[in-house]
Structures are given as C-alpha cells and as structure tokens.
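Each remark here refers to the structure printed beneath this line.
Worth saying up front: this structure is predicted, and the values here are computed from it rather than measured.
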Amino acid sequence: MIARAERAAFAAVLLLLGAASLALALHGNVEHQSFKAFYCAGVAVRGGHDPYLVEPLRACERRYEATQLPAGYVEPAPLPGYALAPFVVLSLLPMRAAAILFALLLVLAAGAGAKCLSASIRAPSAAILLALTPLTLLNVAFGEIAPLAMLALCCAAYYLRNGRSRAAGVAVSFALLQPNVGFAAVLAMLLLVPRARAAIASTTGAFAIVSLAMLGVAGNAEYFFDVLPLMARAELPAADQFSSSRLFYLAGASPGLAILMAQLWFAISLSAGIILARAFARAGQPDMVALLPPAAVLLLGLYLHDVQILIAVPAALVVTARAPSPVFRALGAAGVALLVAVWTQRADRAVIALDFAGVAGGLYAVLRGTLHRRLLLAAAGAAIATLCFVLVNTVAPSTTAADLHTHPFDAAPSAFAAAAWAKYLLATPALRNMEFAPQIAAWSGLLILLACALGSRLGQTDANRRDGDLRAPLAVKL
C-alpha cells in the first residue's frame, strides 16, 4: 500500500513537472533562450558550417526571435562536437517541436535521476524529484543541458553502489556533456575505480570519433584553443557567473591572471573532492566517487552558472541522508535548502511556490523520524528558506528583460561568436552589475555540503553500517 502511494506521488510530481515544462516550450520560452543557440549550432553543423562563428549562427537565431536585437548580438554555443551531436539530430525538427522534445527529455532525466537516488538513500522518489524540480525547470526555461549531466552522475552512482563498475564507467562519461563539471567525476573514477577504466576509455573514445565526424580536426582544435579561452574571457565581468575567475577579475587581476588563478583553484577543489570521495569509497560508499568531485568543483570552479548548481543537489541529498549524527544532518539540511532553491529569479508567486515545494521535498527526503515530524520540519525549513529568498530578492532584485539596455555594437560574420558575446556583455551594463546574493547562497550551500561530508567522514566510525535503513554495502568491488 505504501509502495503504491509512493509510486502515485512520484507520477503526480513528474506529470506536474512535465506540464510546466511543456507550457514553457509551447509558449516559446525555451526557444528564445540558450536552446536556440544549440539548435542553430546543430543546423550549422548539418550544413557543413562552423558552429562557433558569428555566421551562420546569428542569422539562424534571428529567425526565432520576435524582438529586435543589437546588430552584433549572437549567443554562442560553446559545446564540444560530441555534445552538439544531439542538437544536430534535433535540428531536423522544426524549432518548436525540437524545443518541446528537448524540454520533455530534461523532465525524464530529472525523473530517472530521482529514481536512482531513491535507491541510494531509501527516500521517496517523489520527494527527491521535488528537490530537483526548481533547478530542472530553470534549465528547461533557459534551454540548458545540466539535467542530462546530472542524470549521468546519478546513474553512475547507482551502478557503483550495486557493484557494476563498467556500467558506471559508461554512465559517468555522459557527464562530459558539461565538461567543466563532468570531468571531475570521470577523473575520480579513472583514479579510484580500476574496473571502470576500460568503459570510460571506450565511451570517451566514441565521443572523440563523433566530434571528429561533426567538426573535423580543425573544428575540434578551434574549440579547445579558441572558443574555450574566448568564452572564459568573455564571461569575466558577467553578473551571472558563479566562478572564481570573476572574483579575481573584479579584485583587479588581469584577464589572463584571473583565469589562471581560477584554474589553480579548480585543481585544488578537484583534488580535495577526489580525496574525500576516496574516503567515502573506502567506508563502503563507492557511489560518492561519482557525486562528490563534481560538487567540489562547482564551488568557485570554471565557467559556472546557476543552472549547473543542479549537479550538486544529488551529492547534498546523499551526504545529508547518510550523516551519522543529528548535528551533521541539520548542517546538511541547511546546505540542501540553499542548493535546491533558485536564488537568481524574481520572487513571483510561481517561483516562491516552486522553491517552497522543492526545499520541502529535499528536506523530507533527508530527515529521519516519524512521518509527522518529517513533514513538520520539512515545511518549517522550506518556509524559512523561502522567506530568506524573498528578503534577498527584495534587497537585491534579479535583473529582468526590462532592465536591459544595450549600446550599439557590431560583430564581423567571420568572428567567433564568443568574441561577439564579450562585446554584448560590455555593451549591456545591467549584465555586469555587482550583486552577489545568488552566488553567495549557492557557495554557502556548497561549502556546507563539503563541510558536512568531511565532518561525517572524520567523525564516523561504523555507525552507518549498523543503521538498518541507510546501511551501505560492505563488499562492493570497484
């Protein structure tokens, strides 16, 4: 009876998430955001053109914009060839149909990820899906691909927990759809899971072949040696950046030095994440090898936005649910609330309701005790988090389209789209404001997550193995 109720609740949440995503796609929200850049890059590749140049990307994007744009405006698609391949397929469909299909794929990714996590932390999949919903919808609204990378990590964690290292190697490779985050999980598994190495090598080798087929040798070289450096420099002043490079840049470092220091920090955080994941794996929790390193590099890492914070939510849920003491569980719950809520959006009714439901779901999934106690604490925690969100948004409201005013600028057809994007940011003062409230909330959540993980490992004996509900497998072959 309980299992049937849980399945019904999961189906209801999934249907609501699907309905909201479908509404966004049908009203054109998806196709006017980053999805149009990915779609048009797919069109360019299919036509034998360079997807990283201003043209034909700009001309394609203009066909799907109803408003007048600055002459030089073009949104780049800074994805490697293998990640553009799905959009080449989607570009065979009309834009609206492709946007709808893409939105529904993101919903299915969130649902499948919730199912994988529910098997790891013995929590209702409906509650976990609620926790993933606010940031999943943000990705749908902006046409981003973070939910697909999140699913890859959740699948890899599920397979690791069940001793299926080769399947985990295949799954984790797909996290490279978001290379700047997925790389952390891939490297961790290469180092810590020997039986996954062949699967990772074969899968990433297949990606390399796809990239060569999509872009050729010159196009792939162009991506690594031109597009990535240009995008990193372009985003240095961007107000929506969550990376440390912006902090170094605003502190007075030159662009090159800011990026170099961010890369050094990435290496440090990556190393810390892998070391911490190794400690969890040795304690009988091998799934953390796939989940913790990406969460670590999301803290002030390279080229990060709010949509990618979704990738840290699974780690926050698992670490908190398995915390060995009430102190660490309470600490982790605060991190869950900070990471689940979407701090970058205006505090309208829909956003407030979504944040409340998401935080409540996340807290219910990780708390222990009776049903009444969990519901009460989850609702109270969600109310506090939502109130904080409203207060922050009142003091520092998010930028809207009405706030944007762009000074005239142009971009040559043969220039890189990333260079044109840099000009657009410099010509639009509202996109370079000095507000840091959303970043501080996310950074705080990530710091709490890592502190909780470290504290749990340092203070934990074998209590988790004696816990009948959250017992980790004692003999998992990596």
Side-chain angles (χ1 to χ4, degrees), residues 34 37 52 75-80 83 142 144-146 149 175-185 187 222-274 293-312 339 343-344 396 398-399 416-447 449-450:
S34 296
Y52 304 128
E75 184 169 354
L79 293 177
F142 284 99
E144 296 283 357
I145 59 176
L176 291 173
L177 288 171
Q178 294 272 257
N180 55 331
V181 182
F183 172 76
L187 181 60
E222 183 180 80
Y223 172 76
F224 286 104
F225 296 112
D226 295 309
V227 175
L228 288 182
L230 282 171
M231 281 304 300
R233 283 176 173 263
E235 289 276 331
L236 285 175
D240 62 346
Q241 265 294 311
F242 282 61
S243 63
S244 58
S245 57
R246 180 177 180 238
L247 294 180
F248 294 129
Y249 178 73
L250 294 178
S254 66
L257 180 59
I259 293 171
L260 176 61
M261 293 174 71
Q263 290 170 338
L264 291 174
W265 172 254
F266 177 87
I268 293 170
S269 60
L270 173 59
S271 300
I274 292 175
V297 299
L298 278 169
L299 179 61
L300 297 165
L302 295 171
Y303 192 69
L304 299 172
H305 296 85
D306 53 354
V307 291
Q308 293 163 316
I309 299 301
L310 173 68
I311 295 172
L339 292 173
W343 298 87
T344 53
S398 302
T399 302
F416 284 108
W421 186 251
K423 290 184 177 181
Y424 169 64
L425 291 175
L426 292 175
T428 312
L431 296 179
R432 295 181 283 109
N433 65 57
M434 296 293 288
E435 298 295 343
F436 281 95
Q439 287 91 334
I440 291 172
W443 293 335
S444 299
L446 290 165
L447 274 173
L449 160 61
L450 297 175

[X] versus [Y], closest heavy-atom pair with distance:
X      : Y      : value
Ala295 : Leu449 : CB-CD2, 3.7 Å
Gly273 : Pro293 : O-CG, 3.8 Å
Gln439 : Ala239 : NE2-O, 2.7 Å

Gap between atom [atom2] of [Y] and atom [atom1] of [X] - 0.5 Å precision:
X      : Y      : atom1 : atom2 : answer
Leu270 : Ile274 : CG    : CD1   : 4.0 Å
Leu447 : Ile440 : CG    : CD1   : 11.5 Å
Ile309 : Leu298 : CD1   : CG    : 5.5 Å
Leu300 : Gln241 : CG    : CD    : 11.0 Å
Ile259 : Leu302 : CD1   : CG    : 9.0 Å

Of all residues at least two apart in sequence or in a different chain, which pass the side chain to side chain contact (heavy atoms under 4.5 Å, CB included) check with [X]?
X      : value
Asn180 : Gln178, Tyr303, Leu304, Gln308
Ala422 : Ala234
Leu177 : Ala83, Ile145, Leu148
Ala185 : Leu153, Val172, Pro294

Taking C-beta and beyond as the side chain, do [X] and [Y] meet within less than 4.5 Å on heavy atoms?
X      : Y      : value
Thr344 : Asp240 : no
Phe242 : Pro438 : yes
Trp343 : Asp306 : no

side-chain hydrogen bond (donor to acceptor under 3.5 Å, both in side chains) involving [X] - partner list, sequence neighbours excluded:
X      : value
Ser245 : Ser243
Thr428 : Thr406
Trp421 : Glu235

Q | ring-ring contact (aromatic ring centres under 6.0 Å, His included) against Tyr223, all qualifying residues, sequence neighbours excluded | A |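 Counting only residues at least two positions away or on another chain, Tyr223 forms a ring-ring contact (aromatic ring centres under 6.0 Å, His included) with Tyr52.
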
Return a table of donor-acceptor pairs under 3.5 angstrom between the side chains of residues 262-269 and protein atoms on other chains or two or more places apart.
| unit_1 | atom_1 | unit_2 | atom_2 | d |
| --- | --- | --- | --- | --- |
| Trp265 | NE1 | Leu299 | O | 2.8 |
| Ser269 | OG | Trp265 | O | 3.1 |
| Ser269 | OG | Phe266 | O | 3.0 |

Quick one: side chains of residues 246-257, donor-acceptor pairs under 3.5 Å with protein atoms, not counting sequence neighbours, listed by atom name and distance.
| unit_1 | atom_1 | unit_2 | atom_2 | d |
| --- | --- | --- | --- | --- |
| Arg246 | NE | Ala238 | O | 3.0 |
| Arg246 | NH2 | Asn433 | O | 2.7 |
| Ser254 | OG | Leu257 | N | 3.2 |

Q. With Glu222, which residues qualify under salt bridge (Lys or Arg N to Asp or Glu O under 4.0 Å), at least two apart?
A. none

